[in-house]
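Report on the following structure.
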Number of protein chains: 4
Amino acid sequence: MPDRVLRAMTRPVIDHRGPEFAEMTLSLFDELRWVFGDPAHVFVFPSSASGCWEAALTNTLSPGDRVLAYDNGFFAARWATIATRMGLETEILAGDWRRPADPAAIEARLAEDRAHAIRAVLVVHNETSTGVTSDIPAIRAALDRAEHPALLMVDAVSSLGATALDHADWGIDVTVSGSQKGLMLPPGLGFCAASEKALAAAETATSRRAYWDWEETRRSNERGFFPYTPATSLLYGLAEALRMLREEGLEVAFARHARLAEATRRAVEGWGLENYCADPAAYSSSGTTISVPEGVDADALRAEILERYDMSLGTGLGPLEGDVFRIGHLGDFNELMLMGTLAGVAMGLRSAGVPHEPGGVQAALTFLAER
Amino acid sequence: MPDRVLRAMTRPVIDHRGPEFAEMTLSLFDELRWVFGDPAHVFVFPSSASGCWEAALTNTLSPGDRVLAYDNGFFAARWATIATRMGLETEILAGDWRRPADPAAIEARLAEDRAHAIRAVLVVHNETSTGVTSDIPAIRAALDRAEHPALLMVDAVSSLGATALDHADWGIDVTVSGSQKGLMLPPGLGFCAASEKALAAAETATSRRAYWDWEETRRSNERGFFPYTPATSLLYGLAEALRMLREEGLEVAFARHARLAEATRRAVEGWGLENYCADPAAYSSSGTTISVPEGVDADALRAEILERYDMSLGTGLGPLEGDVFRIGHLGDFNELMLMGTLAGVAMGLRSAGVPHEPGGVQAALTFLAER
Amino acid sequence: MPDRVLRAMTRPVIDHRGPEFAEMTLSLFDELRWVFGDPAHVFVFPSSASGCWEAALTNTLSPGDRVLAYDNGFFAARWATIATRMGLETEILAGDWRRPADPAAIEARLAEDRAHAIRAVLVVHNETSTGVTSDIPAIRAALDRAEHPALLMVDAVSSLGATALDHADWGIDVTVSGSQKGLMLPPGLGFCAASEKALAAAETATSRRAYWDWEETRRSNERGFFPYTPATSLLYGLAEALRMLREEGLEVAFARHARLAEATRRAVEGWGLENYCADPAAYSSSGTTISVPEGVDADALRAEILERYDMSLGTGLGPLEGDVFRIGHLGDFNELMLMGTLAGVAMGLRSAGVPHEPGGVQAALTFLAER
Amino acid sequence: MPDRVLRAMTRPVIDHRGPEFAEMTLSLFDELRWVFGDPAHVFVFPSSASGCWEAALTNTLSPGDRVLAYDNGFFAARWATIATRMGLETEILAGDWRRPADPAAIEARLAEDRAHAIRAVLVVHNETSTGVTSDIPAIRAALDRAEHPALLMVDAVSSLGATALDHADWGIDVTVSGSQKGLMLPPGLGFCAASEKALAAAETATSRRAYWDWEETRRSNERGFFPYTPATSLLYGLAEALRMLREEGLEVAFARHARLAEATRRAVEGWGLENYCADPAAYSSSGTTISVPEGVDADALRAEILERYDMSLGTGLGPLEGDVFRIGHLGDFNELMLMGTLAGVAMGLRSAGVPHEPGGVQAALTFLAER
C-alpha cells in the first residue's frame, strides 16, 4: 500500500451525514466513473468484492432467471456458485482454465437461445487464479453478433487500474471490483459500476435485496451520502488512490503493469518453468501463475520463501492447489520491487531444491534495462 | 478514535491466507466471544452493521416466516423494513418511541401466537435515534413466560462496549453490532453473534444468501480464515480496541459510560431542555436525545455549533428531524471531553438564540466532581 | 499535536542532499521568515530551543563580551546562565517575576553604559514559567532612547504563533524559538531568526562554535540544504504547521489565543485563585500561571488531576515549585478543549480539597459564549 | 524506516517532566548501554550526530589541548575541522582514504609524544564516504603499546547496529553516533557513549559548553529526565528500534549486514567496477563506495537512476564528488530489497551508458542463494 494512501486513511472520521462528507463523496463518484470508463453510476459498498457479485445479480435479475457463467478459473467458478445460491438458473459454460473466455463459444450458445432466456452473461476480465485475461470487447461483439439482449457482467477485481477497461465503450452492463488490488487500498470496499441498461433492469428485478439495493443507495449517493454508515477511512484512502492514478495517468499505469508482467514472464521462461496461461494473447498484466515441475509441491516452495525471505506469494486456488504459485505485479509496484520479488523467487527455487535454470532474474533484468 | 487503534490499523496488510493471519484471527474470535458474552460464534463481515441485520434474518429464517419487530425508533423501524424486503412476513409491534420495548406487549402478542408462527422477535437494545435502552432480560423473560420458541434477535450496535450485554446469560439468539460505536473503530465491520439455537436454525433456513452465509464463513473461521478477502486493517484495529477494553475492564467501561450519560442529563435538565426519553429507567448510557423547544429548528442549532465550534452533533432521524439533536457519549470518551462537548452545546444554544437556562454545564460539572 | 502535522511527519524520509529536498526547504525558509516577521534569515537546528540560545550568543559575541540579561522568570534566568557558561560577562538585571521586563530599568542601565560595553540585551518575550508577556517594542524603544547599539535578543519560544511578534518591525536582532509550542510540532527543532545586524556581528564574533555556526549553515541553506543531516520528519511537520497557520491567518490565531487566555483568567478569578502575573497588561496569551492558596501543594493537585482525569498541567519551575501550576492554552487549541481543561482543573480542585469558589468554569463559559 | 518505528513515533507526546516519561527513558538508557556495549553512560541529544562530535570534544578537553585526528575520509576530516573550531590543537594524521586507520602510524606518533601532549585520538569506525571500516581494537592496542593515556574517541555513526562494536571491551572512551543509520530512525538524535575515564575528564575539562554539557544532563538522566525539552517522538521510535534489534539479536543483525555487503561487492565485481575501498579486510558492512570508470560522471549516473527508478544513491562526498557513488545496505534492509537496489544500479549503468560487464546482479544473486 502506498504511504500516501495510508496517511490519507488516518484522517479523522467526519460526520457521514454532514456537508463536508457530501462534498468529498460527490467528487469521489466523478473519479470513480473516470477510472471505470464512464458507467451511469458506480456503487460503493462496505464489503469485499464478492459481495458485489451478489449485488450485481440481485439488483438486475429475478429468481429463476437464467445466467450464462463462463468458467475459466477459480473466481469465475465462485461467481457461478453465488448465482446459483441467489436462486438463478445458472448455466456454466466450461472453458479451459489456461485460456481466456472463448467469444465463439459464447456466441454459439447465445445464438441457440432464441427465446432470450439467458438474461446475463458473467465473465471474469482477469482471472487472478490463473493469470489469464479475457478479451471483453470480443465478448461484447459475440453478444452483438448473436443479437442477444443479455446483460454483460464483468468481474474486474484484479484488472481495474492495471489493464485497459472501458465500461461504456466496451458495452459492459455491470463491472464488479474491489479496493485491494489495482486501487492499492486495504480490502473493505466493493464496487458495482452499472450501465443505464443495468439500472433499468433494477427497476423490475424481483430478487430480494436490502443491503445491496441499488435504488436506495443511488438516491442517497446523488446528494453525496450513503443509506448506511460508510467506511469513511477507506473512502479517504480511495480518494487518494484515485488522485495517484490521475497523476500517473491511466495509460502510463497500464504500460507500467504490462512491462512488469513481461519482465516476470521473461524470468519464468529463464527459469525454464511454465506459465500456466497457455495463450500469449491472454497473458495477465496483473499477475502471473506459474506451474511447478511434476513432483514439486508449490506450497512447500511458498512456505520456504515466506520463511527465508519474508515474502508471501499467491497460493494455487481450488484445483490448482500445490501445482502453481502466483506472482502479483499490480498496484503500487515498480521495476525495483519486481526485481526484488523475482530474486526472492529465484533464491527460493534454489533453496527448496526445485529444478530450474539459473537465468530468470538476468532475463527479466535484461528486458527491463532494454526498454 | 483512540490513537492506539489508529496506529494498529496502519500495520502492513499481511497475506490473509497465511499462518500469521490465522493466528491473529483465532485469538480475535476469542476476544469477540468475550465482549459479546459468550455466544457460540461471532461472525465478522466487511460491511456496515445494517448488513448484519440482513445476515441475521437470512441465515435463520425462510421466506414467508413471520417476525415480530418491535418499533420504538428509527433503527428498529429500518430493521423491520429490511425483514420485509428479505421476504419475511413482518409484523410490527408499534411502541412509544420515547419508551423502551414493552415486555408485556411482546408477551401478550406471543401468548396469542399459539401456533408459533412467529419465528423471531426483533428488538433494538439501545436506540441511537432516541436515546432509549430496552431491557433485554425482561424481553427474554417475556418469551419464556409465553413459552414461545421464537428466536430473540437484538440490535446492539450502539450498546456493545458501553452498556452491560450478555448474549448467553440473557438468552439472545442473534446479537447484531458494528465497529464504529463502542468498539471505537472506523465504520466497516459488522458482527453477528449467534447462539447454538441460531446456528441450528441456519441449517434449515432457506432464505437465499451468499455473502452473508454463516455456514461457509464458520468453516473458514474455524481455521482462522474468511471465505473472502477480509478487511485486514480493520481487524488489526479491532484487536487493539478489544485489548483496550480488556485493560479497562468491561464493568469499568460501563460505569464510565453511565457516569458520563448522567452528567449529560444533568446538563440537559440544567438548561431546562427536555430529554426525549420519557422513561428514566431506560436512559441510554451511549447517547442522549434532546428535544428543542417548540419553534426551534434543531438542525439550525446543529449547523451553528458545527460552524462556530467545529463540533458535530447527531441529527434528528426520520420523523424526529428538526425536533431533536443527539449528544453521543460513547467509546473513547472521558469527563473532560464531555465537559468540552457540553460547553459547546451551551455556547451554541446561546449563540443560536435557543431559549434555555444557563446552569447546564455547571450542573454536569457538579455531578462529575462529586463522585 | 494536530492530525495534519502528525500525518505529514510520517512521509518517507527523502535524500537530504537531493533536489526534491532543496525545493521543500527553500519554500520552508520563506514561510519561516513570514511567521517570524521578516528577519534576514531563520536558522533551523535539530535541537531544543535552548540550543538556540547558545547559538544566538556564540554567533554574535566574543568571549568576555558583556550582555545584559533581564531576569523575570525561570527561562530568562536559564538564558543568563548559558551566557555565563559560554564565557560572556553576564550582567543580570533582576526584575519582578510577576511583572514584564521593565523598559525604564533597561533604558537607565544602557544610558549609564556610555562605553557601550554591553553588546546584547536578552529578554524573554513570553515567560512560560510565570505567564508574563513583556513588551518588546517598548524595550526596543528603550534601546533607541539610550542610543545604545547593543543587539536585542528575544526568546519567543512560547510566543511565536500565539502572540503578535514582528522581528523586523520591532527591531529585534535575534529571535530564538522552538518547534513544540505555537508551531504545534513535537520537540526537536530550534530556531534563530537573525537581522542583518546580527549576521554582520557573526562575521567578527570569535566565540567558538561549530554545530551552531551560522555561516556554514547559511551557505548550505541558500541552496536548500543543511551542513549536516537535518531532522527531515520534523521539517515535513513544520511545513504543514506553517500551512495551517497560513490558512487560519496569524491575526486570527492571535485573537483565538487571546480569547482562550481571557477565558482562562475568568475561570481563575471565578475560583477565587490568584493569577501569578501581577500586571494585567502583561497577561500571557500562551499560558496562565496560577498561585495556589497558602498551605496547598500545587504538585499534589497536579498529581491528583493527572491520576483522575489523565490531564497533565504545567509544574511550578525553579523557585515556584509547589506554589503554582500552569495551564497552557496555545497551539492547536480551541474553546471546547479549553472548557474540558478548565472542567478538569475545577474537578481536581474539588477532589484535592483546594479551597476555591465554584464559579470558575461558568465564568469562562459565559465569557466565551458572549463574544 | 520500519513501519513499527514509524508507528511508535506517532504516539501522543507526553509530559516530559512526568513519571510515565521517566519510566520510559530509564529503560531506554539500559537498552542504549546494551547496544553500545556497556559504556558508563549514553548521552542522547536532540541533534544530528555531528553535534555529538562537538559534545565529545568540549566535555572532555580544554582549549589548546592537542588531539590526534586520523584523516581517512570525509567525515574523519570534518571531525578534525570541528576540533579546530572548538579551539583544540588539532594534529591531522593523514591516511589513505582507500584504507582503514593505520594502527602502526598511530602507535608511532603516540610513542613520540613522551610528554603526553596528545589528549585524545579521533578515529572513524566506519567511514560512510569511502566504505572503509577501521579496526578499533587494533587502534586500542596501539594506544596500549605506546602506553599513552589519550582518550580514544570513535565515530560509530554508520557502524552502530550494523557491525560489531563494543565500547567497554574495546576500551573506547567516547563513541559518537546518531539515530538515522543502523538504528533505523529519522535523523534528529545524536549519541555520546562515555567511559568512566571520559566522565572523569569532563570534571576538569574547561572547554565552554552549555547545550552539550554532560554533567547537568547526567544528573537529569539519572532520574529519567533531560535538562531541556527532549525530542519525545524520536525517543519513542528509538525504544521501538532497540526492541527490534533485541528481537533479531545483534549478532544476527551483524551477520545480515555482512552478507548483504558481500553480495553488493559481488555485484560490483560482476560489473567490472572498482570498490573504492582498497583493503578487503576493511570492507564495510554498512555501505559500499564504487568508483566509476574514467570519464564517467557519477552524479549523472545517480541522477539517471533517481529519475528513472526513483532510487536515491549516495553521492561522492568532498574530493570524491563525481568519481564515486555509494550503495547503502544498513538498517531495515534485506536480501530482496538489496536485489531490487542492485537491479536499479544495473539498469542505470546501462541506460546512462556507463561501461560495465552484465554479470553483477547474477553474481549477487548466486552468492545470496548459496548461503
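Just so you know, these numbers come straight off a predicted model, no measurement behind them. So you know, we letter chains A, B, ... as the sequences are listed, proteins then strands, and number each from 1.
Atom CZ in D/Phe45 sits 12.0 Å away from atom OG in C/Ser47 (nearest 0.5 Å). The structure places CD of C/Glu20 at 8.0 Å from CG of D/Leu306, a figure rounded to the nearest 0.5 Å. C/Leu313 contributes atom CG, which lies 9.5 Å from atom CG of D/Asp15 (distance to the nearest 0.5 angstrom).
Counting heavy-atom pairs under 4.5 Å between each of D/Pro19, D/Gly190, D/Ser312, D/Gly188 and chain C puts D/Ser312 at the top. The most heavy-atom pairs under 4.5 Å with chain D, out of C/Arg302, C/Glu216, C/Gln180, come from C/Glu216. Taking C/Pro46, C/Gly87, C/Gly314, C/Pro230 one by one and counting their heavy-atom pairs under 4.5 Å with chain D, the maximum is reached by C/Pro46.
In plain terms, the two heavy atoms of C/Thr10 and D/Thr10 that are nearest each other are CG2-CG2, 3.4 Å. Annotation for D/Pro186 and C/Ser233: closest pair CB-OG, 3.3 Å, computed over non-hydrogen atoms.
Heavy-atom distances place both the backbone and the side chain of C/Ser50 under 4.5 Å from chain D. Heavy-atom distances place the side chain of C/Leu317, and not its backbone, under 4.5 Å from chain D. Contacts of C/Tyr236 with chain D are absent, with no heavy-atom separation under 4.5 Å from either backbone or side chain.
Summarising the local packing, CG of C/Asp297 is surrounded by more than 12 heavy atoms from other residues, nucleotides or ligands at distances under 6.0 Å. Summarising the local packing, CZ of D/Arg119 is surrounded by 12 or fewer heavy atoms from other residues, nucleotides or ligands at distances under 6.0 Å. Within 6.0 Å of CZ on C/Arg78 lie more than 12 heavy atoms contributed by other residues, nucleotides or ligands.
Side-chain atoms of D/Tyr211 come within 3.5 Å of backbone atoms of C/Ser48 as a donor-acceptor pair (strictly under, hydrogens ignored).
The pair C/Glu321-D/Arg17 does not meet the salt-bridge criterion, since no charged nitrogen lies less than 4.0 angstrom from a carboxylate oxygen.
Just one residue in the list C/Glu54, C/Met86, C/Arg85, C/Arg209 forms a side-chain contact (heavy atoms from CB on, under 4.5 Å) with D/Arg208, and that residue is C/Met86.
C/Pro187 is listed as a side-chain neighbour of D/Thr232, based on a closest heavy-atom distance under 4.5 Å.
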